[in-house]
Every structure is written in C-alpha cells, then in structure tokens.
Amino acid sequence: MRALVYHGPGQKAWEEVPDPEITDDGDVIVQVDATTICGTDLHILKGDVPAVQPGRVLGHEAVGTVWEAGDGVRRLCQGDRVLVSCISGCGSCRYCREARYGQCTEFGGWILGRKINGTQAEFVRVPYADTSTFRIPGGVSDEEALMLADILPTGYEVGVLAGGVRPGDVVAVVGAGPVGLSAITGARLYSPGHIVAIDLSGTRLEAAGQFGADVTVNNSREDALGVIKDLTGRLGADVAIEAAGVPASFELAVKLARPGGRIASIGVHGQAAALHLEEQWARDITITTGLVDTSSTPTLMRLITTGQIDASRFITHHFDLDDIVQAYDVFARAADTKALKVVLTRGE
Ligand SMILES: NC(=O)c1ccc[n+]([C@@H]2O[C@H](COP(=O)([O-])OP(=O)(O)OC[C@H]3O[C@@H](n4cnc5c(N)ncnc54)[C@H](O)[C@@H]3O)[C@@H](O)[C@H]2O)c1
Ligand SMILES: [Zn+2]
Ligand SMILES: [Zn+2]
C-alpha cells in the first residue's frame, strides 16, 4: 500500500510500504476512506515530537471501512463504517476505567502516527478496536465525522471542559487554528459573555469571527492584554485557552486570565515555556494541560447529528489521498491558503 512516511525533521514522502497486519486479536485493519492533517503533524515534522521515529507512517485521524477484524473484536465486522479516533484505549486499565483513554497504560493513548503507523495511508491497523473506534450514524458524512477524530474533542475536553467554561464567562482563545476554532465551537455551547480570539494571522481571525468569536485581536500588532482588560473592567478573562503550542502563546494565556481564573493549555509544546511565579503566585490561578481523551466523542457526535455543531465548516480543501504531499503544503501555508482542515479521500 501507499502511505505518508516521516523520514526525520522536515522530510516526508508518499511511498510504498508493507500492508498492515493484525498482530493482536483486538485489532482491526481499516481501509481509509478519508483522513486529514493535524497541526501536530506539523510539530512532528519540525522535530518537536521526538517519540516519532523516522520510518513512521503519520496521521491520527480517519474515517474508514473495516477490512478485517481480529478474532477478539466483538463490536465490529468487515464492512462497518467507523471513525478511527486519535486516541486508542484498552478499556480496562486504571486510566481507561476513568475514561482517561489518553493516559492508557497498556500501550494505548496517542499511538497512531506516533508510536505505531498511522492513518495517512491506504490501510491502518487500529489496536483495541472495540474501544478505539466509533460507529458513524446515518446522516453524518465521512468528512463531518472526521472532525471528531481529534480537533472537536480536543478543543472541547482540553480547552472548554478543563477550563471550566461557564455561562457569562469571558473566554480568551489564543491560537485560532482548527483546534482553537473547536474550542470556540465548544465554548459557545455554554453561552459565554464574550469569546475573544487572538492570533497572529488575519485569515485565522476572520475564521474565528465566523465560528462565533465576537472580538478578534491580531497580537502581531494589537495589545491582547489591553483588549481583555478593557472588556472585563481591568480584571482579565475568566478562562484563557491556549491553542497554538509555542512558548509565547502559553505565556500570553497566563497573563490574560483574571485572578481566580483558569488557563487551559492545549498546545503541543516542543520547547520550555516560562511560568512567572513571581507574578502569578498570589493570583489564585488554575493551569491545566492535557492530551485529549476522546471521551466526549459520543456527545459531540450527537451534537453534530442534531445540528448544534456544524462540523463541515472546518473543511476548506479536498484532495485525493495520492496528493497528500501537496495537501501538506497547502495546510502548512494556512495564512496564505486559508486552510483549516484539508480532507484527503481515497480514489475509487
Ligand atoms: N493536547 C492535545 O491533545 C492536542 C490535540 C491536537 C492538537 N494539539 C495542538 O493544538 C495546537 C493547535 O492545533 P491546530 O491544528 O489548531 O494548529 P495550527 O498550527 O493550525 O494553529 C495554531 C494557530 O496559532 C497561531 N499562533 C501561533 N503563535 C501564536 C501566538 N504567539 N499568539 C497567537 N496565536 C499564535 C497560528 O497563527 C495558528 O493560527 C497545536 O500545538 C497542536 O499540536 C493538541
Ligand atoms: Zn492531532
Ligand atoms: Zn487503558
């Protein structure tokens, strides 16, 4: 089969690799019908995620059709249409029993496209298939479901739920890429007072306005802290969500939160970021970090089914899977191309 293979920082190729095989009776092999590229894949290509070794097939998001199921798989059969989640969970370890699948101790968590071969391929082996895939209800398209593989649960769980967004809150979102926009989408479910999107890119801020941010700040030329202070009687944001994954975005999010406020850091960080305790120790702040668990996927799937979340609005570009290298280029130049999510589909 063909797959997108990581060959070390800055290097990747769409090339022929061996077909995946079932190695555990809980595995399925999924034929990939649709996959996409994540900001995290760009971090990997920058060398920010050293766990990813050269030779690895990238990708942790897919919708596909079960091609083959191991003997221990109970819920899935050949031909089933499934969402392959970015997180695999054994379902029985201490963390999985608490629905913290991201922390699974039995070689689950974020393994696809990181520790084992991923979804940017014609076929993918999915371990713990019963507890790591979701059936897709009729009426939900492949590409809508694909937005549930990572970005929507990430913005919702690691941003909105971890940040404890409540009605009336002023929510600042630093970084308005697909994950930040997912956090905005999730925050809107709670009727916040204001959603302030902060990004260095005008095109991303335009998108944030369309997704429901009522204030947008370009922090390459505007003072984000000043805007938030003006909006909150000098206090600061109730919740600051960081969705960019660079030291500057984390350090800004900490500054934006009011005393007693909450900072939810979503970004994948490859470098140290400073926490100025000499400024923060008396401010009663709460900082959370996290890998998505995808425990909210069934809830978000229902919200898509009932039309409360429009997942299709994230999709800006379509490509054939064979053109994935070109898709990476378009996705990496988002400020010029206005790319949010690029969908890659299998040719007939
Ligand atoms: N914690 C998790 O489980 C998890 C899951 C998925 C993605 N992520 C991470 O979430 C982050 C966002 O993902 P994405 O796909 O939206 O990425 P993206 O690269 O498409 O978007 C990041 C946005 O942040 C903006 N940005 C960069 N520096 C900034 C700064 N100093 N101030 C304000 N804005 C800034 C960029 O202009 C861009 O619009 C990434 O770090 C990604 O790796 C984390
Ligand atoms: Zn991702
Ligand atoms: Zn587990």
Side-chain angles (χ1 to χ4, degrees), residues 35-46 48-49 58-61 85-114 118-119 127-128 131-132 147 149-159 162 172-184 197-208 216-220 222 224 241-253 256 264-270 273 288-294 314 316 331-335 338-342:
T35 185
T36 178
I37 305 169
C38 178
T40 305
D41 297 319
L42 302 182
H43 279 294
I44 294 171
L45 282 160
K46 274 201 287 175
D48 279 351
V49 189
L58 296 184
H60 48 265
E61 301 159 272
S85 173
C86 66
I87 298 296
S88 308
C90 76
S92 55
C93 74
R94 172 180 169 175
Y95 289 109
C96 285
R97 295 299 293 267
E98 294 176 2
R100 287 183 172 248
Y101 308 106
Q103 306 297 329
C104 174
T105 56
E106 298 298 313
F107 202 71
W110 173 31
I111 54 173
L112 284 173
R114 183 187 185 208
T119 56
Y128 301 124
T131 43
S132 309
M147 302 301 111
D150 179 349
I151 59 165
L152 280 168
T154 295
Y156 184 63
E157 294 172 20
V158 191
V173 179
V174 184
V179 171
L181 297 173
S182 295
I184 291 171
I198 299 155
D199 203 295
L200 304 166
S201 147
T203 53
R204 286 286 165 92
L205 291 169
E206 215 176 285
T216 58
V217 182
N218 188 325
N219 62 324
S220 70
E222 292 170 86
I241 296 175
E242 183 276 317
V246 291
S249 56
F250 174 77
E251 289 162 22
L252 177 60
L256 296 179
S265 176
I266 309 179
V268 170
H269 288 264
T288 58
T289 66
L291 176 63
V292 63
D293 291 308
T294 64
F314 287 95
T316 54
F331 182 67
R333 292 188 298 107
K338 300 198 173 187
L340 293 175
K341 284 304 258 187
V342 301

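Note that ligands are numbered from 1 as they come in the structure, with each ligand's atoms numbered from 1 the same way.
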Any sub-3.5 Å donor-acceptor pair from [X]'s side-chain atoms to [Y]'s backbone N or O?
X    : Y    : answer
N219 : I198 : no
T316 : L340 : yes
R97  : C93  : no
Y101 : V292 : no
E206 : A208 : no
T289 : S265 : no
D293 : G102 : yes

Fill in: Nearest-option assignment for atom 30 (C) of ligand 1, heavy atoms, candidates I44, L200, D48, T154
L200
Worksheet entry | Selected option - heavy-atom contact closest to atom 36 (C) of ligand 1, from D199, V158, V179 | D199
Quick one: look up the protein heavy atom nearest [atom] and list residue, atom name and how far away it is.
atom                    : answer
atom 10 (O) of ligand 1 : G267 CA, 3.8 Å
atom 40 (C) of ligand 1 : H43 NE2, 3.6 Å
atom 3 (O) of ligand 1  : V292 N, 2.9 Å
atom 31 (N) of ligand 1 : A248 CB, 3.7 Å
atom 44 (C) of ligand 1 : I266 O, 3.1 Å
atom 12 (C) of ligand 1 : A243 O, 3.1 Å

Report, in ascending order of atom number, the atoms of ligand 1 lying under 4.0 Å from any heavy atom of [X].
X    : result
A244 : 24 (O), 26 (N), 27 (C), 35 (C), 40 (C), 41 (O)
G245 : 41 (O)
D150 : 5 (C), 6 (C)
L291 : 3 (O)
P178 : 14 (P), 15 (O), 16 (O), 20 (O)

Gap separating the [atom1] atom of [X] from the [atom2] atom of [Y], nearest 0.5 angstrom:
X    : Y    : atom1 : atom2 : result
E157 : L152 : CD    : CG    : 10.5 Å
D48  : I44  : CG    : CD1   : 9.5 Å
E242 : T288 : CD    : OG1   : 10.5 Å
T131 : I87  : OG1   : CD1   : 12.5 Å
T40  : L45  : OG1   : CG    : 11.5 Å
H60  : C86  : NE2   : SG    : 5.5 Å

Judging by distance only, is a nitrogen or oxygen of [X] under 3.5 angstrom from one on ligand 1?
X    : result
G39  : yes
T40  : yes
F331 : no
R204 : yes
G180 : no
G290 : yes
V268 : yes

Practice prompt. Would you indicate whether R94, at its atom CZ, is surrounded by more than 12 heavy atoms from other residues, nucleotides or ligands within a distance under 6.0 Å?
Written response: no
Worksheet item: Is the Zn ion (ligand 2) less than 2.8 Å from at least one N/O/S atom of D150?
Response: yes
Worksheet item: Is the Zn ion (ligand 2) less than 2.8 Å from an N/O/S atom of H60, whether that atom is in the backbone or a side chain?
Response: yes
Worksheet item: Do the non-hydrogen side-chain atoms of T154 and I266 ever get within less than 4.5 Å of each other?
Response: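 Yes, their side chains come closer than 4.5 Å.
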Worksheet item: Hey, does S182 have a side-chain heavy atom less than 4.5 Å from the side chain of F314?
Response: yes
Measure [X] to ligand 1 on non-hydrogen atoms and call it side chain, backbone, both or neither using the 4.0 Å cut-off.
X    : value
N219 : side chain
V174 : side chain
L181 : neither

Item to complete: Measure across G108 and I111 and return the closest heavy-atom pair with its distance rounded to 0.1 Å.
Response: O-CG2, 3.3 Å
Discussion item. Quick check for you: within a radius under 2.8 Å, how many protein N, O or S atoms neighbour the Zn ion (ligand 3)?
Written reply: 4
Worksheet item: Are K341 and E61 ion-paired here, with the side-chain N under 4.0 Å from a carboxylate O?
Response: yes
Worksheet item: Taking the non-hydrogen atoms of A334, is any one of them nearer than 4.0 angstrom to ligand 1?
Response: no
Worksheet entry | Exercise: do S85 and S132 side chains pair donor with acceptor under 3.5 Å | no
